[in-house]
Amino acid sequence: VNPDNLSVLLLAKGSSTAVSALVLPEDASSKKYTVVSSDDAIVSYRDSSLKAKAQGVCTLTVQSVLNPDVSTDYLAIVIQRVTGLKIFQEENLKTVSAGAQLPLSVQVSPENADFQQVTWKSSNEKVATVDGTGVVTGVSRGSCQITASATDGSDRKATFSLTVTKAAESITLSEQDVTVAVGSTR
């Protein structure tokens, strides 16, 4: 079996996928077929369903019962999807000043997930923006949510609540010409 010429089936570990084969021509005497896995510990076939049991790669062969010379091989790749995400900030900060940056990190579960990349998004880019590596930049005073989303199709997300503060830029007394007698208060 040459993997360079195979169609690929990407399956999530633990999933069951119903499958059927299209046998041609339409008026073929028999449309019966078999599906055989090169490694049942990775992917098994039973009752028109593929069961992804373990991370790994194997070959699935779909073969005509009436004419065994008619067959097609598929490369089955079983991946471990992300089951959980947790956003954290190394110093446990949840506040950033406008104009300043705050790096966020994400913990992906399980550790052996095949695709650990996430996308980052701010719920309000007028308050804070976030780049592709999780670095948040405060824009203006307010609150927003920063969301990390898994890119492996698992739909897992995590959010981080953030407050952006605006520091004072100057300070002056409201009354600059004040005369105060000794011993009195104003």
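Being a predicted model, the structure only gives us computed values, none of them experimental.
Residues meeting the salt bridge (charged side-chain N to carboxylate O under 4.0 Å, His left out) test with Lys166, sequence neighbours left out: Glu169. Under the side chain to side chain contact (heavy atoms under 4.5 Å, CB included) criterion, Ser109 pairs with Thr83, sequence neighbours left out. The side chain to side chain contact (heavy atoms under 4.5 Å, CB included) test applied to Ala113 returns Val82, Val108, Pro110, Gln116, not counting sequence neighbours.
Side-chain contact between Glu90 and Pro103: absent, with no pair of heavy atoms (C-beta onward) separated by less than 4.5 Å. Taking 4.5 Å as the limit, some side-chain heavy atom of Ile79 sits within range of a side-chain heavy atom of Leu10. In this structure, Ile146 and Ser122 have side chains that are in contact, with non-hydrogen atoms separated by less than 4.5 Å. In this structure, Val57 and Leu75 have side chains that are in contact, with non-hydrogen atoms separated by less than 4.5 Å. Contact annotation: the side chain of Tyr33 approaches that of Val23 to within less than 4.5 Å [non-hydrogen atoms, C-beta and beyond]. Counting heavy atoms from C-beta on, the side chains of Leu104 and Trp120 come closer than 4.5 Å. Lys94 has its side chain out of reach of Asn92: every pair of non-hydrogen atoms, C-beta onward, lies at least 4.5 Å apart.
Within 6.0 Å of the NZ atom in Lys53, the count of heavy atoms belonging to other residues, nucleotides or ligands exceeds 12. The local environment of NZ in Lys157 is sparse, with at most 12 non-hydrogen atoms from other residues, nucleotides or ligands closer than 6.0 Å.
Ser64 contributes atom OG, which lies 11.0 Å from atom NZ of Lys32 (distance to the nearest 0.5 angstrom). We find the NZ-OG1 distance between Lys121 and Thr159 to be 13.5 Å, quoted to the nearest 0.5 Å. Once rounded to the nearest 0.5 Å, the distance linking CD1 of Ile87 with CD of Gln145 reads 9.0 Å. Taken to the nearest 0.5 Å, the OG atom of Ser149 stands 8.0 Å off from the CG atom of Leu85. Atom OG1 of Thr72 sits about 10.5 Å away from atom CG of Leu22, to the nearest 0.5 Å. Between atom OG of residue Ser143 and atom CG of residue Leu162 there is a gap of 7.5 Å, rounded to the nearest 0.5 Å.
Note: the hydrophobic cluster containing Val127 also contains Leu93 (ILVMFWY, side chain heavy atoms under 4.5 Å, direct or indirect links). Residue Val139 is not grouped with residue Leu102 when hydrophobic side chains (ILVMFWY) are merged at heavy-atom distances under 4.5 angstrom, including chains of intermediate members. Residues Phe115 and Val8 share a single hydrophobic cluster, defined by chaining ILVMFWY side chains whose heavy atoms lie under 4.5 Å apart. Linking Ile, Leu, Val, Met, Phe, Trp and Tyr whenever their side-chain heavy atoms come within less than 4.5 Å leaves Ile77 and Val43 in two separate clusters.
Looking at every heavy atom in both residues, Ser37 comes nearest to Cys58 through OG-SG, 3.6 Å. Here the closest heavy-atom approach between residue Val78 and residue Ala12 is recorded as CG1-C, 4.2 Å. In terms of heavy-atom proximity, Ser97 sits nearest to Val164 at C-CG1, 4.1 Å.
With hydrogens and angles ignored, the 3.5 Å screen pairs a side-chain donor or acceptor of Asp131 with a backbone N or O of Val135. Here the side chain of Ser123 pairs no donor or acceptor atom with the backbone of Cys144 at under 3.5 angstrom. Judged purely by atom type and a 3.5 angstrom limit, Thr59 has no side-chain atom pairing as donor or acceptor with the backbone of Ser38. Not one N or O on the side chain of Gln63 forms a donor-acceptor pair closer than 3.5 Å with the backbone of Thr34. A donor-acceptor contact shorter than 3.5 Å is absent between the side chain of Gln55 and the backbone of Asp114. Between the side chain of Lys51 and the backbone N or O of Gly14, at least one donor-acceptor pair lies under 3.5 Å.
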Kindly determine whether Asp152 and Ser154 satisfy side chain to side chain donor-acceptor pair (under 3.5 Å), including the steps that lead there. CA-CA 6 Å; Asp152 69 345; Ser154 64; 2.6 Å; yes

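Considering Val36, Val19, Leu60 as possible partners of Tyr45, the one that fulfils the side-chain contact (heavy atoms from CB on, under 4.5 Å) test is Val19.
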